[in-house]
Amino acid sequence: MRKKQRLAIYGGTFDPIHMGHLLIAETSRTLLGLDRVYFLPAFSPPHKDFKGDSARARLDMLELAIKDNPHFAIDYREIESGKVRYSVDTVKEIQKENPDHEICFIVGEDSLMDIGTWHRPEDLLSRVHLVVATRMGIKGDPAKKAEALRRQGYQITLFSRFITGLSSTEIRREVKAGRSIHYAVPEKVEKYILERGLYLGE
């Protein structure tokens with residue numbers, strides 16, 4: 001019997017994409033034997049006070065960051081929609097397009113702790129294998145939360161390899177302050193940010 005292929009969806013604003021995002025994606029890929037990881041940039045995520053006016057720059061940086069990894073790709077549907085979209089609806093579409101694949105959904109521990117506030121969380125969790133990356137400074141007990149969800153029948157995997165304190169918010173703050181972000185983001189992304197003067201007006 002042919003082994004069922006696995007693909008992963010990794011959503012976020014990626015403003016900007018940084019080395020922590022790439023480490024999480026690659027670690028998830030190797031840990032779970034994923035055939036492909038799709039980065040899913042949001043136009044305007046429903047749980048954040050965020051607008052989609054940076055969409056082109058975020059896409060450019062994401063394309064630069066993953067260009068050399070044949071296992072990474074971008075799913076453009078949410079950002080091209082030009083509106084707020086819910087993860088569960090996107091997952092349903094991807095399932096219909098890939099009926100022979102197991103769908104994994106990569107999040108950080110902060111999202112795991114807040115999953116009950118998402119749109120139709122039970123529907124989402126019933127459709128995916130949730131892959132949770134450890135993050136620094138998370139309030140609560142993610143391991144306990146994950147175990148409670150497993151007891152409800154959901155597939156949850158936590159991993160704690162290559163824990164970093166990197167965040168897009170912090171990187172934008174450092175750029176505005178005129179400090180170096182070298183090694184925090186891929187070199188091509190750093191060059192893109194500096195050449196275009198991104199984040200200086202925030």
Side-chain angles (χ1 to χ4, degrees), residues 2-48 50 52 54-108 111-112 118 124-125 127-133 135 155-157 159 161-162 164 166-168 171 184-193 196 198:
R2 186 167 178 246
K3 182 183 175 184
K4 196 171 187 178
Q5 288 194 309
R6 281 178 160 178
L7 65 83
I9 304 162
Y10 187 8
T13 51
F14 304 114
D15 190 27
I17 180 83
H18 57 65
M19 298 305 287
H21 293 132
L22 298 172
L23 274 171
I24 288 171
E26 182 67 4
T27 303
S28 299
R29 185 187 72 79
T30 56
L31 186 66
L32 288 126
L34 302 172
D35 296 285
R36 186 66 64 93
V37 176
Y38 287 94
F39 289 79
L40 182 73
F43 177 78
S44 183
H47 57 289
K48 290 185 179 180
F50 183 90
S54 63
R56 184 66 260 169
R58 290 187 289 122
L59 269 181
D60 286 346
M61 290 186 284
L62 187 50
E63 288 168 351
L64 288 170
I66 72 167
K67 183 178 180 180
D68 297 326
N69 191 323
H71 303 289
F72 291 171
I74 300 172
D75 189 308
Y76 294 88
R77 77 187 71 210
E78 288 198 354
I79 210 161
E80 288 180 346
S81 73
K83 61 183 180 181
V84 170
R85 282 186 54 129
Y86 295 108
S87 296
V88 64
D89 295 326
T90 298
V91 165
K92 285 175 68 176
E93 286 183 4
I94 292 172
Q95 280 183 317
K96 287 181 181 179
E97 295 162 8
N98 302 273
D100 298 325
H101 285 67
E102 179 183 358
I103 309 297
C104 298
F105 194 82
I106 302 171
V107 299
S111 294
L112 172 67
W118 288 34
L124 174 64
L125 289 170
R127 294 174 179 277
V128 300
H129 179 158
L130 194 69
V131 183
V132 184
R135 294 191 62 177
Q155 278 190 291
I156 316 287
T157 295
F159 70 85
R161 298 178 186 176
F162 303 118
T164 77
L166 285 172
S167 76
S168 296
I171 289 167
V185 299
E187 187 174 349
K188 292 176 182 177
V189 172
E190 178 187 20
K191 183 179 179 182
Y192 184 98
I193 290 170
R196 287 159 178 77
L198 300 184

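By convention here, the first residue in the shown sequence is residue 1.
With sequence neighbours left out, the side chain to side chain donor-acceptor pair (under 3.5 Å) criterion links E63 to Y76.
Put simply, the side chain of R77 never gets that close to the backbone of T90: no donor and acceptor are under 3.5 Å apart. The main-chain N or O of F14 is never found under 3.5 Å from a side-chain atom of S168 such that the two would form a donor-acceptor pair. A donor-acceptor pair is defined here as one N or O able to donate and one able to accept, closer than 3.5 Å; such a pair exists between the side chain of T30 and the backbone of T27.
Under the side chain to side chain contact (heavy atoms under 4.5 Å, CB included) test applied with I74, the options I66, L40, I79 reduce to a single match, I66. Applying salt bridge (Lys or Arg N to Asp or Glu O under 4.0 Å) to E102 and the options R6, K4, R127 leaves one that passes, R6.
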Give the C-alpha distance, both sets of side-chain angles, the deciding distance and a yes or no for side chain to side chain contact (heavy atoms under 4.5 Å, CB included) between M61 and V185. CA-CA 10 Å; M61 290 186 284; V185 299; over 6 Å; no
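Ring-plane geometry between F72 and F39 is classed as perpendicular, the angle between the planes exceeding 60 degrees on a 0 to 90 degree scale with a lower cut at 30. In this structure, H21 and H18 have parallel ring planes: the angle between them is below the 30° cut-off, well short of the 60° mark.
For E93, the CD atom sits in a packed shell: over 12 heavy atoms of surrounding residues, nucleotides or ligands are nearer than 6.0 Å.
Scanning all heavy atoms of the two residues, the minimum distance from I17 to A65 falls at CG2-CB, 3.8 Å. When every heavy atom of R36 is checked against every heavy atom of A73, the shortest pair comes out as NH1-CB, 3.7 Å.
Note: E190 CD to I171 CD1 = 10.5 Å, rounded to the nearest 0.5 Å. In this structure, CD1 on I106 lies 3.5 Å from OG on S28, to the nearest 0.5 angstrom. The line from CD1 of I9 to SG of C104 is 9.0 Å long, rounded to the nearest 0.5 Å. With rounding to the nearest 0.5 Å, the separation of CZ in R29 from CG in N69 is 6.5 Å. Atom NE2 of H129 sits about 9.0 Å away from atom CG of L34, to the nearest 0.5 Å. Atoms CZ and CZ, from R58 and F43 in turn, are 8.0 Å apart once rounded to the nearest 0.5 Å.
Between V128 and V91, some side-chain heavy-atom pair lies under the 4.5 Å cut-off.
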